[in-house]
Amino acid sequence: MITTEQVKTLRDQTGVSVMQCKKALEETNGDLEKALVILRKKGTEIAAKKADRSAADGLIVTRAANGKALTLILNCETDFVARNEGFVVLANTLADIAVQEGAAAAQEKAPALISDVVLKIGENIQLGSIDELAGPVVNFYTHHTGKVGAVVVLSVGTEALAKDIAMHITAMKPTYLSEADIPASAKESVLEVFKKEVDESGKPEEVKAKMLEGKIATYFKEQTLLDQPFFKDGDKSIAQLLKDNGNAAIITYRLYTVG
C-alpha cells in the first residue's frame with residue numbers, strides 16, 4: 001500500500017502533482033528511486049512531444065564579473081510560465097552553470113534539467129542562446145520583467161556608465177551604433193518610403209529636397225545609438241555623454257528581447 005508519506009517525499013523531490021507521484025509509486029510498488037526514474041523519463045517524453053510547439057516567450061538572465069558578461073535566454077510558450085518560480089529558478093541555474101563551467105556544460109545539462117520542469121509545468125521549454133561579451137568595462141541592464149536586456153562594452157569609463165547606456169538601449173532599442181553602420185540597402189528603403197510621402201506634398205522641388213533630407217536624417221537619428229538623446233538627459237546625445245566621460249567609446253553592445 002502506498003502511504004501519504006511516500007507520496008509527500010516524492011512530491012518534495014520532484015514538485016509534480018500528487019496524482020502523478022502516487023501513480024509512479026504504484027507502478028514501482030513503493031520504490032522511491034524507481035518512481036523518480038519513471039517521473040524523469042516521463043518528463044523527457046513530454047518535453048520531446050512539446051518540442052515542436054512555439055516557445056517565443058521566456059526570460060533573459062545575465063551575469064557580469066571581471067570584465068565579462070554572460071547572457072542566457074530560456075524560452076517557453078507563455079508569459080505565465082516565464083513568471084513561474086520553477087522556470088525562473090531553472091533559468092538562473094543554467095546561467096550559473098554557464099558561468100562556472102562554461103556554455104557547453106550548460107547546454108549538455110539543460111535537457112535533463114528542462115525535462116524535470118516540463119513535467120511540472122506542461123509547456124515546451126527550450127534553451128535559447130548563451131552569449132558572452134568581454135572588454136575593459138562591461139555592464140548590463142535587464143528590465144524587471146526579464147523580457148528585455150542589454151550588455152554594453154566600453155573602452156574606458158565606469159561600470160555605472162555602462163549600465164546607464166545599457167538601460168538606455170533597453171528603452172530606446174537602437175538599430176545601429178553609428179551612422180557608419182547603416183547599410184546602403186536600409187538607406188535606399190527609407191529613401192523610397194519618404195520620397196513618395198514628399199512627392200505627394202505638392203511643394204516646390206527645392207522644398208521637397210530639403211524635406212526629404214530632413215525626414216531621412218531624423219529617422220536614422222532615432223535609430224542610431226550615438227545620435228539618440230540620452231534618456232536621463234534629453235539635451236545630451238549618447239555621443240556627448242561618452243565624450244564627457246573620458247572620451248569613452250562603445251566597443252560593442254547587444255540588445256536581447258523575448259516575448
Side-chain angles (χ1 to χ4, degrees), residues 55 58-75 82 87-111 113-114 125-183 223-228 230-233 236-259:
L59 193 64
I60 299 165
V61 180
T62 302
R63 301 280 189 271
N66 303 318
K68 293 182 179 180
L70 182 142
T71 302
L72 179 144
I73 296 179
L74 188 65
N75 294 114
F87 183 86
V88 173
V89 169
L90 173 61
N92 281 279
T93 297
L94 288 170
D96 289 338
I97 292 171
V99 169
Q100 296 163 14
E101 304 175 36
Q107 290 164 344
E108 182 181 346
K109 294 181 179 181
L113 294 171
I114 288 173
I125 297 174
Q126 298 287 332
L127 175 60
S129 61
I130 300 177
D131 194 24
E132 186 174 277
L133 293 177
V137 182
V138 181
N139 211 343
F140 71 96
Y141 173 77
T142 305
H143 191 264
H144 67 86
T145 61
K147 305 295 185 186
V148 59
V151 174
V152 171
V153 181
L154 301 178
S155 58
V156 295
T158 64
E159 290 185 356
L161 175 62
K163 184 169 185 176
D164 269 351
I165 296 174
M167 193 180 299
H168 171 96
I169 290 168
T170 63
M172 303 306 294
K173 298 179 177 59
T175 306
Y176 313 103
L177 173 59
S178 68
E179 185 178 355
D181 298 314
I182 304 171
Q223 300 294 318
T224 305
L225 176 57
L226 293 179
D227 292 332
Q228 288 179 336
F230 180 39
F231 83 114
K232 284 188 174 182
D233 182 356
K236 181 181 295 187
S237 69
I238 294 296
Q240 186 62 50
L241 175 69
L242 291 166
K243 184 177 180 181
D244 293 346
N245 283 271
N247 286 316
I250 298 174
I251 295 175
T252 189
Y253 76 90
R254 298 276 171 80
L255 173 66
Y256 306 92
T257 60
V258 295

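Side chains included, hydrogens not; waters and symmetry mates left out as well; all remaining heavy atoms used. Computed from a predicted model, the values in this text were never measured in an experiment.
- Nearest heavy-atom pair, Ala82 versus Val88, reported as atom, atom and distance to 0.1 Å: O-CG2, 3.7 Å.
- A donor-acceptor pair under 3.5 Å is formed between the side chain of Asn139 and the backbone N or O of Glu159.
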Using a 3.5 Å cut-off and no angle test, enumerate the donor-acceptor pairs between side-chain atoms of residues 94-103 and protein atoms at least two apart in sequence or in another chain.
unit_1: Asp96; atom_1: OD1; unit_2: Arg63; atom_2: NE; d: 2.9
unit_1: Asp96; atom_1: OD1; unit_2: Arg63; atom_2: NH2; d: 3.2
unit_1: Glu101; atom_1: OE1; unit_2: Lys109; atom_2: NZ; d: 2.8
unit_1: Glu101; atom_1: OE2; unit_2: Lys109; atom_2: NZ; d: 3.3

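- To the nearest 0.5 Å, atoms CG (Leu242) and CD1 (Ile250) are separated by 5.0 Å.
- Using a 4.5 Å heavy-atom threshold, the side chains of Asn245 and Thr158 count as separate.
- His168 contributes no side-chain N or O that, together with a main-chain N or O of Phe230, makes up a donor-acceptor pair within less than 3.5 Å.
- Shortest non-hydrogen contact noted between Phe231 and Asp164 is CE2-O, 3.6 Å.
- Remark: the backbone N or O of Ser178 is paired with a side-chain donor or acceptor of Asp181 at under 3.5 angstrom.
- In this structure, CE on Met172 lies 9.5 Å from CD on Gln223, to the nearest 0.5 angstrom.
- In terms of heavy atoms, Thr62 sits closest to Val151 at CG2-CG2, 4.2 Å.
- Around CD of Gln240, the count of heavy atoms belonging to other residues, nucleotides or ligands within 6.0 Å exceeds 12.
- A 4.5 Å side-chain heavy-atom check between Ile251 and Pro136 finds at least one atom pair inside the cut-off.
- Two residues are said to be in side-chain contact when any heavy atoms from C-beta on lie closer than 4.5 Å; Ile165 and Leu241 meet this criterion.
- A donor-acceptor distance shorter than 3.5 angstrom exists from the side chain of Ser155 to the backbone of Ala249, with no hydrogens or angles considered.
- Considering every non-hydrogen atom in both Ala91 and Leu72, the closest pair reads O-CD2, 3.9 Å.
- Considering CG of Leu177 and CG of Leu226, their distance stands at 4.5 Å, rounded to 0.5 Å.
- Atom NZ of Lys173 is surrounded by more than 12 heavy atoms from other residues, nucleotides or ligands within 6.0 Å.
- Counting heavy atoms from C-beta outward, Asp244 and Lys236 have side chains that approach closer than 4.5 Å.
- Side-chain atoms of Leu133 and Thr71, non-hydrogen and from C-beta on, never get closer than 4.5 Å to each other.
- Of the residues listed (Asn75, Leu74, Val148), the one engaging Val258 in a side-chain contact (heavy atoms from CB on, under 4.5 Å) is Asn75, and it is the only one.
- Residue Asp233 places its CG atom among more than 12 non-hydrogen atoms of other residues, nucleotides or ligands, all under 6.0 Å distant.
- Minimum interatomic distance between Ile60 and Thr142 (heavy atoms only, all atoms of both residues): O-CG2, 3.9 Å.
- Counted within 6.0 Å of NZ on Lys147, heavy atoms from surrounding residues, nucleotides or ligands total more than 12; the atom is thus considered enclosed.
- Contact of the Tyr253 side chain with the Ile169 side chain is registered, since non-hydrogen atoms from C-beta on lie closer than 4.5 Å.
- Residue Leu59 holds its CG atom at 9.5 Å from CD1 of Ile73, rounded to the nearest 0.5 Å.
- Here the closest heavy-atom approach between residue Ala134 and residue Val153 is recorded as O-CG1, 3.7 Å.
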